[in-house]
**Q** 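Got a structure for you, written out below as structure tokens; questions coming shortly.
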Amino acid sequence: MVARPHLAIVIDRMTVDDLGAVQEIEGESFTTPWPPHAYRSELETNRLAHYIVARYNDRLVGFAGMWLMVDEAHITTFAVRKTWRRQGVGERLLLALLDLAQARGAREATLEVRPSNHPARRLYEKYGFALVGVRRRYYSDDNEDALILTTDTLDGRAMRDRIAALRAAVARRQDVEIGSDGLPVGRPDEAEEGSEGGRAIAPDILRPSGVRRQS
Ligand SMILES: CC(C)(COP(=O)(O)OP(=O)(O)OC[C@H]1O[C@@H](n2cnc3c(N)ncnc32)[C@H](O)[C@@H]1OP(=O)(O)O)[C@@H](O)C(=O)NCCC(=O)NCCS
């Protein structure tokens, strides 16, 4: 067994070469995966879109994306490979998105999440996202509502202090134990992972008006 520091996880821009691995993670993370062309179209044609990946060595272990629209960062998708969950990869991705959003002048970050998606909700709450509205029957597979969560002002004191403290905690995290199968050791059972994800619906359906907040 080998202990690898968290720094072994590298955050990088998503490219079309990543799309096979992204689709694998989509399939294990969402009841209604985005269709294969959705990410390609986001990368190739949507100037508002910013997609990132987390890699461990050459293996893609998670990804996330957002649209930067004037002063709002709208997180469109976010997932970590099942075998890599609860190792801080989600936090690394979220920190990278929020850093980029703040650097590009976004005032706040917003997203949709299923009420039943407890892991994601816990993560977002930890990072200061709060409930601002509900989109009724948003998810077409089961008509579940979507919660709309938004941060405080990204460059406000409260959010900056929160992010700084969380960034420091991520940096202090214990090393990841990697087993002979190349996967983290002691990861939780899949059963502990909670519900299937649910984020924004696919971009070609969403764009451009579907991301407006409903009060
Ligand atoms: C949500 C998701 C991205 C989290 O990724 P992750 O790498 O496992 O998250 P992290 O290890 O960085 O965990 C960070 C925090 O998230 C919360 N969290 C993550 N998984 C959790 C779980 N199973 N139960 C409770 N809280 C959880 C905790 O607050 C955790 O902080 P802690 O370690 O101090 O308790 C991952 O569960 C996932 O891919 N889910 C399926 C797709 C999905 O739902 N995407 C979100 C769509 S809106």
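Throughout, numbering of the chain's residues begins at 1 and tracks the sequence. Order of appearance sets the numbers: ligands from 1, and atoms from 1 within every ligand.
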**Q** Any heavy atom of Arg114 sitting closer than 4.0 Å to ligand 1?
**A** no
**Q** Heavy atom to atom 35 (O) of ligand 1, shortest distance: which of Arg86, Arg92, Arg122 holds it?
**A** Arg86
**Q** Suppose I only count heavy atoms of Lys126 and a 4.0 Å limit; which atoms of ligand 1 are within that range?
**A** 29 (O), 31 (O), 32 (P), 34 (O)
**Q** Any side-chain to backbone donor/acceptor pair from Asn57 onto Arg59? Under 3.5 Å, distance only.
**A** no
**Q** Considering only NZ, NE, NH1 and NH2 on the basic side and carboxylate oxygens on the acidic side, decide whether Asp141 and Arg114 come within less than 4.0 Å.
**A** yes
**Q** Answer yes or no: does an N/O atom from Tyr124 fall short of 3.5 Å to an N/O atom of ligand 1?
**A** no
**Q** What do you reckon, does Gln87 have a nitrogen or oxygen under 3.5 Å from a nitrogen or oxygen of ligand 1?
**A** yes
**Q** I'd like to check which ligand 1 atoms, numbered from 1 as shown, lie under 4.0 Å from a non-hydrogen atom of Ala120.
**A** 1 (C), 46 (C)
**Q** Looking only at distances, please establish whether an N/O atom of ligand 1 is found under 3.5 Å from an N/O atom of His118.
**A** no
**Q** Under a 4.0 Å threshold between the charged nitrogen and the carboxylate oxygen, would Asp99 count as salt-bridged to Arg167?
**A** yes
**Q** Considering residues at least two apart in sequence or located in another chain, which fulfil the salt bridge (charged side-chain N to carboxylate O under 4.0 Å, His left out) criterion with Asp18?
**A** Arg55
**Q** Go through ligand 1 atom by atom and flag the ones less than 4.0 Å from a non-hydrogen atom of Gly88.
**A** 10 (P), 11 (O), 12 (O)
**Q** I need the atoms of ligand 1 closer than 4.0 Å to a non-hydrogen atom of Pro119, numbered in the order shown.
**A** 17 (C), 18 (N), 19 (C), 20 (N), 21 (C), 22 (C), 23 (N), 27 (C)
**Q** For Phe78 and Phe63, I'd like to know if the aromatic rings sit close, meaning centre-to-centre distance below 6.0 Å.
**A** no
**Q** State whether a side-chain donor-acceptor pair under 3.5 Å links Arg85 with Ser29.
**A** yes
**Q** Out of Tyr127, Trp84, Phe78, whose heavy atom is nearest to atom 45 (N) of ligand 1?
**A** Phe78
**Q** Is the closest N or O pair between Val80 and ligand 1 shorter than 3.5 Å?
**A** yes
**Q** Considering the heavy atoms of Ala79, write down every atom of ligand 1 situated less than 4.0 Å from one of them.
**A** 39 (O)
**Q** Hey, could you give me each pair passing salt bridge (Lys or Arg N to Asp or Glu O under 4.0 Å) that has a residue in residues 121-132? Not counting sequence neighbours.
**A** Glu91-Lys126
**Q** Using a 4.0 Å cutoff against the non-hydrogen atoms of Glu112, which atoms of ligand 1 qualify?
**A** 48 (S)
**Q** Okay, side chain of Thr151, backbone of Glu108: is any donor-acceptor separation there less than 3.5 Å?
**A** no
**Q** State whether Tyr51 and Arg13 meet the cation-pi test: NZ (Lys) or CZ (Arg) under 6.0 Å from the six-membered ring centroid, and within 45° of the perpendicular axis.
**A** no
**Q** Give the single entry among Ala146, Gly90, Ala64 that approaches atom 6 (P) of ligand 1 most closely by any heavy atom.
**A** Gly90
